[in-house]
Amino acid sequence: MVPKIRRGSRTHGLLVYLYGPGKRDEHTDPHLVGSWDGFAPDPGRDTSPDPDPKATLARLAAALDLRVKQAGDKAPAQHVWHCSVRTDPGDRTLTDDEWNTVARRLVHAVNLAPEGDPDGCRWVAVRHADDHIHILATMVRGDLRRPRMNYDFKKAQAECRRIEQEMGLRRLKPGDGTGAKKPTSAERFKAERTGRPETPRETLREAVRQAVAGAASEAEFFTRLREAGLRVKLRHAPSGDVLGYTVALPGDRNRDREPVWFAGSTLAPDLSYPKIQRRLADGTPETGPLLPEADSVRSDWSPPARGRRTATGVAERAAILLDSDDDDAAAQLVGVGELLDAVAQTSPAATRAELGAAARSFERATRSHVRAERADTRAIRSAARGIIQAGGALGRGEDGGTTAMLVSTLVLVALAAARWHSARGHAQQAEASRQTAEHLRAAYRQAAAAPMQALRDQGRALPEAQRRAYETTIRAALPGNRTRPGTSTKNDALAATLAQAEQAGHDPKALLQEAIAMRELDTAEDVNDVLVWRLRRLAQLPAHPGEATRRPQVGTGRATPPANPASVRTAPPASPRPTAPDPRNRPPRR
């Protein structure tokens, strides 16, 4: 049940709309389902001998405005309180009596007309559709004072959550005021008229979020905005320092044919200029090696593959920090959001839609009232920057395999974020994290199909004795992962990976134990898949079967380049950084 509150100054004009045919949705049988005293005239169902709907509507408007006129100059300029309340499409149809109860509880909750108060404000509830009502109230009490209505939106939301539970309706997640501003009805209607799949506000929000992902400076951030095809206008102080920014979508103009500008703070709370400044200062990406492990990433792999391998290690550490239940992990959530944006921007076509949906879902999970005191996000922002600078992955070979490797880890990060938020009562953020995990799982299945099938084929091709030995090792390490030797293909990909690790000079038993101990596996949809990618990253094995392998240095466990460079599969040339796409040409929102 969703309440939407507005303020206005024309009681009669709003009543004309509520009892009229409707501008978009057809108004069917408009009538009152409740009023301040239960006896208000109803223009929709006037039972007088000679009914005149216009005259009845004028009487209703006069009755509602009576105290406003009596208060004179003391009445507020915007004296109309208008609240539409809508049920979910899957909810049952409420009766008029039930809608009357909903209206009375809401005007009581927001202190317009408390139960038992004879001086409460005058109000009516009009129903002209099965799934919603409109509450119209005039904000002058019987004693000619204004009602105390602080935080009316939050109070209405809280009361709707209680009504949902008591009436058996779909229960929405309570918010905490950190969500991005929703598009207005006018913005949605304009988007439909102009044939846009979403409103300019939503398009700009995503474009700005993607521009800040991995940006090293304000100048780079503004450059990315312009490269994305947006209009950008900066506000400067007399000293020349930037004070703020606004963005507009090309072609989006108002009735005066002027661009419709949006400040960053009106797109999302964390996209205001001061907060972007703070984010860049706290987590300026490194220009050298991203992490100590980055030095061990093979130089013969393509830049997209190297960037994704490095990001996988960073994502593992972010998950560990989130599992530690420390408030400082709030900074990691922002970094994970940037990493998702970077992957979505550079992903192959097959996974782009699901990864884009995952990034949009996780956007809600990056904001809460928890503030990290030690917000060092340099590593994760550097990983995001590395992915963007490497350009788009090809979606096949090593690039496609490392995409699957990274997405598999990001699934576990999203689930760790859901637990972190749930522990703090952040219902909307936890739900957004779970939705992110579902989108990532869908993207993973698409990205992993080819490399995992190739690994299964290699596992089945192993000599029978060797395959049985690896299955014994797997069953000993994972007692709950039991299979009958020689009859199941469940462990084929894992067995093939252990064989390749041993061929490269690793101890398969020790390496498997190390992979299992990295972090929990309870939330993994497929434990074998997760372990395959952990093993291939730990052992520096190619993410896609058939790529060249190399043996580790004795005593270090780290892989070194093969002695014969000719034995290395030639890496594809580095993809140039793609020109940022026009945000209007993205796939539609899911």
Side-chain angles (χ1 to χ4, degrees), residues 176-180 205 208-218 220-221 264-265 267-287 290-294 310-344 358-388 406 409-426 428-430 432-433 436-437 519:
D176 59 2
T178 61
R205 180 186 302 140
V208 173
R209 203 181 67 239
Q210 290 181 348
V212 79
S217 65
E218 295 175 35
E220 182 179 350
F221 166 62
S265 58
L267 299 176
D270 56 337
L271 296 182
S272 68
Y273 180 67
K275 290 189 176 179
I276 286 179
Q277 273 187 312
R278 194 176 308 124
R279 189 193 302 190
L280 295 176
D282 291 341
T284 301
E286 303 287 350
T287 56
L290 307 182
L291 294 167
E293 90 169 42
T310 300
T312 302
V314 177
E316 284 276 7
R317 274 178 279 280
I320 293 171
L321 288 171
L322 289 167
D323 284 337
S324 69
D325 203 31
D326 190 337
D327 281 354
D328 282 339
Q332 296 300 311
L333 294 170
V334 177
V336 171
E338 291 196 24
L339 193 56
L340 281 168
D341 281 321
V343 176
R360 286 190 290 273
S361 294
F362 199 76
E363 184 255 356
R364 182 66 187 95
T366 60
R367 292 190 304 273
S368 69
H369 290 299
V370 178
R371 293 291 176 266
E373 294 182 6
R374 300 180 299 278
D376 186 355
T377 58
R378 285 174 295 178
I380 198 163
R381 296 199 72 243
S382 293
R385 180 178 179 79
I387 288 175
I388 291 174
L406 174 56
T409 302
L410 288 173
V411 171
L412 302 182
V413 176
L415 294 173
R419 291 193 297 272
W420 188 90
H421 279 303
S422 294
R424 289 157 179 77
H426 303 161
Q428 289 188 355
Q429 292 91 330
S433 299
T436 300
R519 62 183 307 272

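The figures here come from the full heavy-atom set of this structure, side chains too, leaving out hydrogens, waters and symmetry mates.
For the pairing with Asp270, the side chain to side chain donor-acceptor pair (under 3.5 Å) check across Lys275, Arg278, Arg367 returns one residue only, Arg367.
A heavy-atom distance below 4.5 Å is found between the side chains of Val370 and Trp420. Side-chain atoms of Glu218 and Gln277, non-hydrogen and from C-beta on, do get closer than 4.5 Å to each other. Considering only heavy atoms from C-beta on, Leu333 comes within 4.5 Å of His421 through its side chain. A heavy-atom distance below 4.5 Å is not found between the side chains of Thr377 and Val334.
A pairwise comparison of heavy atoms in Glu220 and Gly214 identifies OE2-O, 4.5 Å as the closest pair. Smallest separation of non-hydrogen atoms from Leu406 and Thr312: CA-OG1, 3.4 Å. Contact record, Leu280 with Arg381: CD2-NH2, 3.5 Å, taken as the closest heavy-atom pair. Scanning both residues, Pro269 and Thr178, for their nearest heavy atoms gives CG-O, 3.7 Å. Of all heavy-atom pairs spanning Ala318 and Ile380, the tightest one is CB-CD1, 4.2 Å. Summarising the geometry of Val413 relative to Ala319, their closest heavy-atom pair is CG2-CB, 3.9 Å, with the distance given to 0.1 Å.
When the side chain to side chain contact (heavy atoms under 4.5 Å, CB included) test is applied to Ala213, the partners found at least two apart in sequence or on another chain are Glu338, Asp341, Gln345, Ile388. Taking the ring pair (Phe, Tyr, Trp, His ring centres under 6.0 Å) definition, one finds that Phe221 meets it with Tyr245, sequence neighbours left out. Here Arg419 pairs with Asp323 under the side chain to side chain donor-acceptor pair (under 3.5 Å) rule; sequence neighbours left out. Residues meeting the side chain to side chain contact (heavy atoms under 4.5 Å, CB included) test with Ser361, sequence neighbours left out: Gln435, Thr436, His439. Residues passing the side chain to side chain contact (heavy atoms under 4.5 Å, CB included) test with Ser422, sequence neighbours excluded: Ala430, Arg434. With sequence neighbours excluded, the residues forming a side chain to side chain contact (heavy atoms under 4.5 Å, CB included) with Gln428 are Lys173, Arg364, listed by chain and number.
Residue Ser368 holds its OG atom at 4.5 Å from NE2 of His426, rounded to the nearest 0.5 Å. Rounding to the nearest 0.5 Å gives a distance of 11.5 Å between CZ of Arg360 and CZ of Arg205. Here the CG atom belonging to Leu322 is positioned 11.0 Å from the CG atom belonging to Leu415, to the nearest 0.5 angstrom. Between atom CG of residue Leu410 and atom CG of residue Leu340 there is a gap of 5.5 Å, rounded to the nearest 0.5 Å.
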### Query
Could you go step by step and tell me if Arg424 and Asp325 meet the salt bridge (charged side-chain N to carboxylate O under 4.0 Å, His left out) rule?
CA-CA 10 Å; Arg424 289 157 179 77; Asp325 203 31; 2.8 Å; yes
